[in-house]
Amino acid sequence: MSALRSDFGKLKFKRFNEFKGDQLCSAAMELADQVAAGRISHSGDELLTTQLLSAARLNVGDGWRFGRKGDIDCDSSYALSFAVRLARSIPESQGLRVVTLDDEAA
């Protein structure tokens, strides 16, 4: 674990605060909009597929967020939601990069 910590310590990550309330709802709804519009897809990752298809839609105020159905977590659903949100926030001038499993680690 200490080897990973030192490797990650060399990277320059932008720190984000913990996501809460309305951010959880808006990220989940933005993901659903992007999927419905056919703008994103994934490689069929088993964990992500299981968690997305097993997530419940919990109504909150004027929106909704992911919730657990039974014993299956929905963490990867939120991870994907915020990854999509962050990717969409990259200025177009930086271009598009498609990341695949074949990419070499930098």
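Here ring-ring contact (aromatic ring centres under 6.0 Å, His included) pairs that include residues 43-67, with residues two or more places apart or in two chains, are W64-F66, F66-Y78.
No donor-acceptor pair closer than 3.5 Å links the side chain of T49 to the backbone N or O of E46.
Taking the side-chain contact (heavy atoms from CB on, under 4.5 Å) definition, one finds that D22 meets it with nothing, sequence neighbours left out. In this view, D62 satisfies the side-chain contact (heavy atoms from CB on, under 4.5 Å) rule with no residue, not counting sequence neighbours. With sequence neighbours left out, L48 forms a side-chain contact (heavy atoms from CB on, under 4.5 Å) with H42, D45, L52, S76, L80. With sequence neighbours excluded, no residue forms a salt bridge (charged side-chain N to carboxylate O under 4.0 Å, His left out) with R57.
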Output a table of donor-acceptor pairs, distance under 3.5 Å, between side-chain atoms of residues 30-41 and any protein atom two or more places apart or on a different chain; print 'none' if there are none.
{"from": "E30", "atom 1": "OE1", "to": "R85", "atom 2": "NE", "distance (Å)": "3.3"}
{"from": "E30", "atom 1": "OE2", "to": "R85", "atom 2": "NH2", "distance (Å)": "2.8"}

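Note that the CD1 atom of I72 and the CG atom of L53 stand 9.5 Å from one another [nearest 0.5 Å]. Rounding to the nearest 0.5 Å gives a distance of 11.0 Å between NZ of K69 and SG of C74.
The minimum heavy-atom distance between S26 and Q23, with the atom names listed, is OG-O, 3.3 Å.
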